[in-house]
Amino acid sequence: MLKTSVLVSGGGTNLQALIDASARGKMQHVELSLVVSNRADAFALERAKRAGIRGEYVEKAGFEERLNALLDEEGIGLIVLAGFLRILSGDFTRRWAGRIINIHPSLIPSFCGAGYYGLRVHEAALARGVKVTGATVHFVNEIPDGGEIIAQRAVEVLPGDTPEVLQRRVMEQAEWIILPAAAEAVAERLEGRE
Ligand code: GAR
């Protein structure tokens, strides 16, 4: 099992999907060992606590230095960004190249990059009038949402959708499915290399 850290900023439903997949025995190579939030009030920290996973809030000043110290302390081999809404530096992503993945709530290259996060992605998709959207899991490099694509799943946009309704459908029909599956696949590949 590869010790895995999940980085979060908010509600943590994607973290919950990872926890649930793990409980159902779907994660044979991922060991959820550490949850790190850049927001003290993130409900995701409560989810980590309930699941018996170490949870840490890390403040803005010295964020990456403290994060690296925590990751080293726990012997982490894979980082999953699950609703983590802070951009990481090139130094950080280079250090973790091939070991850091992110879930993004659109079909990259649509509606991605700096400024496209959370509900804003779905607002933009509705404003553009697309009929299909979805979610993408990709490796993280120094370009926001620019790393190699690992998995994508399409979701229909329906008449009358609000950003909130569309966000929920994309989570249910895409994000919560492809994120655990991609994390497991990447962990298995990484373990095979070690
Ligand atoms: C999710 O929809 C995730 O894809 C998105 O934020 C939401 C977090 O929800 N991430 C991004 O927009 C990253 N650019 P959650 O905290 O309930 O998992």
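Remember, it's 1-based here, ligands and their atoms both numbered in the order they're listed. Heads up: numbering here begins at 1 and tracks the sequence. Below, all heavy atoms of this structure are taken into account, side chains as well, without hydrogens, waters or symmetry copies.
For atom 9 (O) of ligand 1, the candidate residues are M171, R120, Q16; the nearest heavy-atom contact is made by M171. Among G83, S37, G10, A174, the residue whose heavy atom lies closest to atom 6 (O) of ligand 1 is G83. The residue among L179, I103, V137 with a heavy atom at the shortest distance from atom 10 (N) of ligand 1 is I103.
Atom 16 (O) of ligand 1 has as its closest protein heavy atom G12 N, 2.8 Å. The protein heavy-atom contact nearest to atom 4 (O) of ligand 1 is E175 OE1, 2.7 Å. Scanning all protein heavy atoms for the shortest distance to atom 11 (C) of ligand 1 gives P105 CD, 3.6 Å. Atom 14 (N) of ligand 1 has as its closest protein heavy atom H104 ND1, 3.3 Å. Here the heavy atom of the protein found nearest to atom 12 (O) of ligand 1 is G118 N, 2.8 Å.
Only the backbone of Y116 comes within 4.0 Å of ligand 1, counting heavy atoms alone; no side-chain atom from C-beta on gets that close. At a 4.0 Å heavy-atom cut-off, ligand 1 touches L85 through the side chain alone.
The environment of R39 atom CZ is sparse: at most 12 non-hydrogen atoms of other residues, nucleotides or ligands sit within 6.0 angstrom. Around the CD atom of E172, the shell of radius 6.0 Å holds more than 12 heavy atoms that belong to other residues, nucleotides or ligands. The number of heavy-atom neighbours closer than 6.0 Å to CZ of R86, taken from other residues, nucleotides and ligands shown, is above 12.
The ligand atoms of ligand 1 that sit less than 4.0 angstrom from a heavy atom of N14 are 1 (C), 18 (O). If you number the atoms of ligand 1 from 1 as listed, the ones under 4.0 Å from a heavy atom of Y117 come out as 12 (O), 14 (N).
Taking only nitrogen or oxygen atoms, main chain and side chain alike, D145 does not reach within less than 3.5 Å of ligand 1. The N/O atoms of Q167, backbone and side chain alike, include none that comes under 3.5 Å of an N/O atom in ligand 1.
Under the 3.5 Å distance criterion, the side-chain polar atoms of R66 are left unmatched by any main-chain donor or acceptor of A61. Judged by distance alone, with hydrogens and angles left aside, the side-chain atoms of T136 form no donor-acceptor pair with the main-chain N or O of G134 at under 3.5 Å. With Q167 contributing its side chain and G118 its backbone, the two residues share no donor-acceptor pair below 3.5 Å. Using a distance-only test at 3.5 Å, with no hydrogens or angles considered, a donor-acceptor pair links the side chain of E191 to the main chain of L2.
With a 4.5 Å cut-off between side-chain heavy atoms of Ile, Leu, Val, Met, Phe, Trp and Tyr, the cluster of F92 takes in L7, L34, V36, V58, F63, L67, L70, L71, I76, I79, L81, F84, L88, W96, I100, V140. Y116 shares a hydrophobic cluster with F111, V121, L126, V130, V155, V157, L166, V170; the chain of contacts runs through ILVMFWY side chains whose heavy atoms sit under 4.5 Å apart.
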Intermediate values then yes/no, salt bridge (Lys or Arg N to Asp or Glu O under 4.0 Å), R95 and E64: CA-CA 11 Å; R95 184 188 164 192; E64 288 185 0; over 6 Å; no

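At a 4.0 Å cut-off, not a single heavy atom of A44 sits close enough to ligand 1 to count as contact.
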